[in-house]
Amino acid sequence: MSLEKLSANKSFGGWHKQYRHYSQSLNCDMRFAIYLPPQASNGAKVAVLYWLSGLTCSDENFMQKAGAQRIAAELGVAIVAADTSPRGEDVANDEGYDLGQGAGFYVNATQAPWNRHYRMYDYIVKELPDLIEATFPVSNKRAISGHSMGGHGALTIAMLNPERYRSMSAFSPIANPVNCPWGVKAFTAYLGEDKTAWLKHDASELMSKASKFVPALIDQGQGDDFLVEQLKPETLTAAAKQSGYPITLNLQQGYDHSYYFIASFIESHLRFHATHLNK
């Protein structure tokens with residue numbers, strides 16, 4: 001699989017690079033960013049944190065706004081930031097910001113016209129890591145994290161594939177998408193009217209029934225405008241209690257849904273992941 005390098009910037013002794021490639025899963029060109037810490041230049045294979053962003057975002061938001069590179073360089077952890085959906089003129093789209101391009105929800109669509117391109121689950125779980133591990137000096141020690149829609153993706157993907165990830169974390173995740181407007185709209189379009197198909201992509205549903213555990217850290221701002229209607233962190237707390245799932249869920253007073261919130265707590269998330277990646 002050929003890669004086209006779009007940019008390269010030195011950062012904290014490592015390198016932030018952006019690439020384009022053709023995705024077999026998504027049937028279109030895709031872009032991703034990777035931060036390689038300085039340890040990756042010394043012949044060592046470093047562990048990887050995969051980052052999934054939220055609605056309307058791309059690979060650029062986290063890498064430019066979160067301020068993660070300094071701690072990643074210290075810890076010797078690579079970061080891969082994927083795009084949030086397939087892109088292109090022939091890729092199905094919607095007028096709303098919460099469906100279509102920029103809003104893939106990290107599922108494999110089964111309904112037309114979305115099923116031609118929208119297979120983000122396969123891309124994140126298999127195709128992108130295979131490409132990263134075959135191309136860059138990284139190991140198969142993986143962690144996964146994300147924000148909002150990406151927090152939903154990180155939690156559900158890790159719980160569906162506990163053997164692939166050492167740890168998972170989320171900022172402001174859509175915790176119960178089968179019961180919130182964003183999730184109902186997306187799942188109806190991508191997965192159809194049968195709500196039983198939605199349940200395997202709902203973090204609260206998965207957590208309540210889990211028997212294999214991936215260590216989890218979640219931060220939620222209490223000043224988040226989407227807290228009550230869309231995010232519903234209390235459903236994760238109830239689900240974890242039901243199954244005995246080992247999660248830490250921090251409610252942060254005054255913080256909102258923005259990257260100011262993510263930048264405030266990204267260091268604790270990176271250190272949490274490094275602890276598990278380095279075991």
Side-chain angles (χ1 to χ4, degrees), residues 21-32 50-59 81-131 144 146-161 164 168 170 172-210 226 229-232 235-236 239:
H21 73 104
Y22 183 80
S23 166
Q24 298 290 339
S25 301
L26 304 175
N27 299 310
C28 65
D29 285 337
M30 288 294 285
R31 197 177 68 192
F32 69 87
Y50 289 87
W51 173 266
L52 308 182
S53 287
L55 292 166
T56 76
C57 293
S58 71
D59 61 291
D83 203 347
T84 52
S85 78
R87 308 272 182 175
E89 291 184 3
D90 64 339
V91 175
N93 202 6
D94 185 83
E95 291 183 357
Y97 73 93
D98 51 357
L99 185 68
Q101 295 189 37
F105 267 82
Y106 307 102
V107 300
N108 286 341
T110 59
Q111 307 299 301
W114 312 101
N115 56 352
R116 182 169 175 234
H117 294 286
Y118 285 76
R119 302 187 64 82
M120 286 297 293
Y121 177 87
D122 284 353
Y123 180 71
I124 296 298
V125 173
K126 183 67 175 167
E127 184 178 7
L128 184 59
D130 283 354
L131 174 62
I144 191 165
H147 171 232
S148 193
M149 178 186 72
H152 138 78
L155 297 180
T156 56
I157 283 172
M159 285 189 282
L160 288 168
N161 301 274
R164 289 185 66 83
M168 64 183 186
S172 316
I174 303 172
N176 190 206
V178 303
N179 288 312
C180 80
W182 281 338
V184 170
K185 180 178 180 178
F187 287 1
T188 301
Y190 297 145
L191 303 175
E193 298 287 347
D194 181 4
K195 294 186 178 181
T196 59
W198 302 6
L199 297 178
K200 71 179 255 184
H201 298 290
D202 185 292
S204 296
E205 290 287 335
L206 291 172
M207 190 169 285
S208 69
K209 299 174 176 62
F226 304 112
E229 184 180 29
Q230 302 282 13
L231 305 179
K232 303 181 184 297
T235 64
L236 282 179

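- Aromatic rings of Phe105 and His152 (six-membered ring for Trp) have centroids within the 6.0 Å cut-off, being under it.
- With values rounded to the nearest 0.5 angstrom, Asp122 atom CG is found 4.0 Å from Asn108 atom CG.
- Here the closest heavy-atom approach between residue Met30 and residue Arg87 is recorded as SD-N, 4.4 Å.
- Looking at heavy atoms from C-beta onward, His21 lies out of side-chain contact with Asp29 at the 4.5 angstrom threshold.
- Distance CG/Leu236 to CG/Asn176: 8.0 Å, rounded to 0.5 Å.
- Here the CG-CD distance, from Asn179 to Gln230, works out to 11.5 Å after rounding to the nearest 0.5 Å.
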Would you please test Glu127 and Ser25 for side chain to side chain donor-acceptor pair (under 3.5 Å) and show each step?
CA-CA 7 Å; Glu127 184 178 7; Ser25 301; 2.7 Å; yes
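- Of the possible polar contacts, one joining the Ser204 side chain to the Ala175 backbone as a donor-acceptor pair under 3.5 Å is found.
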Residues Tyr22, Gln24; criterion side-chain contact (heavy atoms from CB on, under 4.5 Å); working and verdict:
CA-CA 7 Å; Tyr22 183 80; Gln24 298 290 339; 4.0 Å; yes
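- Here the shortest heavy-atom pairing between Gly54 and Ser148 reads CA-CB, 4.5 Å.
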Just do the salt bridge (Lys or Arg N to Asp or Glu O under 4.0 Å) check on Asp59 and Arg31 with the steps written out, would you?
CA-CA 7 Å; Asp59 61 291; Arg31 197 177 68 192; 2.7 Å; yes
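- With a 4.5 Å cut-off on side-chain heavy atoms, Phe187 and Val107 count as touching.
- Side-chain N/O atoms of Ser53 and Trp51 include a donor and acceptor closer than 3.5 Å.
- Between atom CG of residue Asp90 and atom SG of residue Cys28 there is a gap of 8.0 Å, rounded to the nearest 0.5 Å.
- For the pair Asp94/Trp114, a side-chain contact is recorded, criterion being any heavy-atom separation below 4.5 Å from C-beta on.
- Of all heavy-atom pairs between Ala82 and Leu128, the closest is CB-CD2, 3.8 Å.
- With hydrogens and angles ignored, the 3.5 Å screen pairs no side-chain donor or acceptor of Asn161 with any backbone N or O of Arg164.
- Remark: aromatic rings of Phe226 and Trp182 are close, center separation under 6.0 Å.
- Distance check: Leu199 CG to Asp194 CG gives 9.0 Å after rounding to the nearest 0.5 Å.
- At least one donor-acceptor pair under 3.5 Å links the side chain of Tyr118 to the backbone N or O of Gln101.
- There is no side-chain donor-acceptor pair under 3.5 Å between Tyr123 and Asp83.
- Remark: the backbone N or O of Gly102 is paired with a side-chain donor or acceptor of Ser85 at under 3.5 angstrom.
- One finds the CG atom of Leu26 at 8.5 Å from the CD1 atom of Ile124 (value rounded to the nearest 0.5 Å).
- In this structure the side chain of His201 never reaches within 4.5 angstrom of the side chain of Pro177, judged on heavy atoms.
- Residue Ile144 comes nearest to Ala154 through the heavy atom pair CG2-O, 3.6 Å, listed as atom of the first residue, atom of the second, then distance.
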Stepwise side-chain contact (heavy atoms from CB on, under 4.5 Å) test for Val178 and Val184:
CA-CA 6 Å; Val178 303; Val184 170; 6.0 Å; no
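- Contact annotation: the side chain of Ile157 approaches that of Leu52 to within less than 4.5 Å [non-hydrogen atoms, C-beta and beyond].
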Test side-chain contact (heavy atoms from CB on, under 4.5 Å) on Thr188 and Glu193; report intermediate values, then the result.
CA-CA 5 Å; Thr188 301; Glu193 298 287 347; 3.5 Å; yes
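- Of the possible donor and acceptor atoms, one in the side chain of Thr84 sits under 3.5 Å from a partner among the backbone N and O of Cys57.
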Begin from the C-alpha positions of Asp98 and Lys185 and carry the test salt bridge (Lys or Arg N to Asp or Glu O under 4.0 Å) through to its verdict.
CA-CA 8 Å; Asp98 51 357; Lys185 180 178 180 178; 2.7 Å; yes
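- In terms of heavy atoms, Ala197 sits closest to Lys200 at O-CG, 4.0 Å.
- A donor-acceptor contact shorter than 3.5 Å links the side chain of Tyr190 to the backbone of Gly100.
- Judged purely by atom type and a 3.5 angstrom limit, Asn27 uses its side chain to pair as donor or acceptor with the backbone of Arg116.
- Across every non-hydrogen atom of Ser172 and Leu231, the tightest pair is O-CD2, 3.5 Å.
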Does the side-chain contact (heavy atoms from CB on, under 4.5 Å) test come out yes or no for Tyr121 and Thr156, once each step is laid out?
CA-CA 10 Å; Tyr121 177 87; Thr156 56; over 6 Å; no
